[in-house]
Amino acid sequence: MDAWQQSIAQSLSDPATLAARFGLDPAAVSKVAARYPLRLTPHLLTLIERPDDPLGRQFLPDPRELANDGLPDDPLAENRLAPLPAIVHRYPSRVLLLAGNNCAAYCRFCTRKRRVGCAVFNLPFSELLKGVDYIAGHAEINEVIISGGDPLLLSDDALAEVLERLRRIPHLGVLRIATRTLTVLPERITPALATLLGRHAPLYLTTHFNHPRELTAAAGEACRRLAEAGIPLANQTVLLRGVNDDIDTLVTLCDRLLRLRVRPYYLHQLDPVRGTGHFRVSIERGLQLVGALRERVSGLAVPHYILDLPGGRGKVALTPERIVSLGPAMVIRLADGGTAEVPNDEGESQAVPRGLST
Ligand SMILES: *Cc1c(COP(=O)(O)O)cnc(C)c1O
Ligand code: SF4
């Protein structure tokens with residue numbers, strides 16, 4: 001077993017142990033964990049000091065996940081866009097290949113909360129290979145985003161097999177791997193993995209960092225190793241209430257990512273997924289934050305502020321010009337001249353409007 005596999009084996013997933021460690025109500029933790037999976041890696045446990053710190057909020061179960069927030073389980077209609085269990089095909093030229101259904105640790109705000117870590121959605125390797133065959137049979141696809149669950153929970157051998165099969169498909173250009181391991185399991189980025197990924201260029205790796213405290217020495221070392229193996233790095237951040245919805249946090253995060261040779265790519269408006277309403281930030285505040293960020297950091301460090309439209313209509317980059325009308329249901333203008341109505345509230349307990357801390 002590799003060191004990272006040992007770390008997973010040593011992860012904390014027992015509700016009672018977790019509740020005792022962080023002073024939480026064991027019954028409440030058990031109830032949440034019975035519905036949505038729970039796992040914290042040893043590395044993550046060294047980073048969480050209190051339940052309400054930026055890491056605690058992202059990874060410790062919260063009773064509000066079970067509040068009836070009236071939100072759908074699958075707002076992006078990924079189930080409908082899945083011709084096979086391992087494929088989400090929304091855009092003609094690029095496709096998501098789901099490499100598995102497990103993550104090293106479970107983010108409480110996850111868009112795929114309905115399925116990740118749940119045994120009934122288990123995705124065997126044979127399904128992954130069927131997904132590769134689907135891609136081979138669709139010449140209009142030129143880019144594959146390997147996602148999940150976390151694709152880097154595959155062993156190096158399994159990953160090598162998938163990448164080699166994908167590289168044999170003549171119509172594919174760029175490969176992309178989306179992973180959260182640099183935050184929760186940085187020991188996964190071994191020299192052998194960096195070499196393996198480097199052999200399949202052009203291969204981009206997207207990291208998922210939400211707060212500067214995730215940029216530990218170990219995460220920085222993992223970024224260096226990947227960059228030196230010739231792998232371009234881009235980061236996705238989810239805008240989360242109480243975690244990173246203030247300008248100083250975003251400035252520090254984006255500036256430090258750029259120094260680590262990671263280009264801030266997307267800042268995601270949280271998808272309106274059941275059980276995540278308490279993390280919601282309004283679009284007005286998101287636009288203010290991105291506007292303020294642009295004045296404080298290099299243009300290279302400014303991510304696109306992205307909204308994934310409900311119903312599987314795809315992503316739009318949010319800019320002030322897109323806004324047709326404000327309010328709890330905001331209307332935005334789409335590139336095709338149409339409009340879409342999107343939720344714009346601040347979650348179940350309305351936040352006191354906060355000014356920008358610049
Ligand atoms: C986000 C997403 C992509 C990739 O979109 P980019 O804008 O190219 O990063 C592809 N397919 C699906 C289903 C997605 O949700
Ligand atoms: S790592 Fe990604 S897929 Fe897994 S729980 Fe976190 S956000 Fe969801």
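As the structure lists them, so they are numbered: ligands from 1, and atoms in each ligand from 1.
Looking at Arg112 and Ser147, their side chains do bring a donor and an acceptor atom within 3.5 Å of each other. In the model, Thr249 has no side-chain atom that pairs as donor or acceptor with a side-chain atom of Asn244 under 3.5 Å. Looking at Asn79 and Arg114, their side chains do bring a donor and an acceptor atom within 3.5 Å of each other.
Nearest protein neighbour of atom 4 (C) of ligand 1, counting heavy atoms only, is Ile145 CD1, 3.3 Å. Counting protein heavy atoms only, atom 12 (C) of ligand 1 is closest to Leu96 CG, 3.7 Å. The protein non-hydrogen atom at the shortest distance from atom 5 (S) of ligand 2 is Cys107 N, 3.3 Å. Scanning all protein heavy atoms for the shortest distance to atom 11 (N) of ligand 1 gives Tyr91 CD1, 3.6 Å. For atom 8 (O) of ligand 1, the nearest non-hydrogen atom of the protein is Arg94 NE, 2.7 Å. Among all non-hydrogen protein atoms, the one lying nearest atom 9 (O) of ligand 1 is Tyr265 OH, 2.7 Å. In terms of protein heavy atoms, atom 15 (O) of ligand 1 is closest to Lys315 NZ, 2.9 Å. In terms of protein heavy atoms, atom 7 (O) of ligand 1 is closest to Tyr266 OH, 2.5 Å.
Using a 4.0 Å threshold on non-hydrogen atoms, atom 2 (Fe) of ligand 2 does not count as touching the protein.
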Run the numbers on Arg213 and Asp53 for salt bridge (charged side-chain N to carboxylate O under 4.0 Å, His left out), then give the verdict. CA-CA 10 Å; Arg213 276 191 42 204; Asp53 71 22; 3.8 Å; yes
Take Tyr305 and His268 through the test ring pair (Phe, Tyr, Trp, His ring centres under 6.0 Å) and record every step on the way to the result. CA-CA 6 Å; Tyr305 180 33; His268 289 277; 9.6 Å; no
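Contacts of Cys103 with ligand 2, taken as heavy-atom pairs under 4.0 Å, involve the side chain alone. Under 4.0 angstrom from ligand 1, there are no non-hydrogen atoms of Val95. When heavy-atom distances to ligand 1 are checked against a 4.0 Å cut-off, His304 has no atom that comes that close, whether in backbone or side chain.
Listed by atom number, the atoms of ligand 2 under 4.0 Å from Arg180 heavy atoms are 1 (S). Listed by number with element, the atoms of ligand 1 under 4.0 Å from a non-hydrogen atom of Val88 are 13 (C).
Judged purely by atom type and a 3.5 angstrom limit, Asp336 uses its side chain to pair as donor or acceptor with the backbone of Gly338.
Note on ligand 1: Glu78 sits outside its first shell, no heavy atom being nearer than 4.0 Å.
No option in Arg90, Arg313, Gln269 other than Arg90 meets the side chain to side chain donor-acceptor pair (under 3.5 Å) test with Asp308.
Contact between Asp25 and Ala19 at its shortest, heavy atoms only, is C-CB, 4.2 Å. Taking both residues in full, the closest heavy atoms of Leu152 and Leu193 are given as CD1-CD2, 4.1 Å, listed atom of the first, atom of the second, then distance. Nearest heavy atoms, Arg263 versus Val302: NH1-O, 3.7 Å.
Because the distance cut-off is set at 2.8 Å, Cys110 fails to qualify as a neighbour of atom 4 (Fe) of ligand 2, as none of its N, O or S atoms comes that close.
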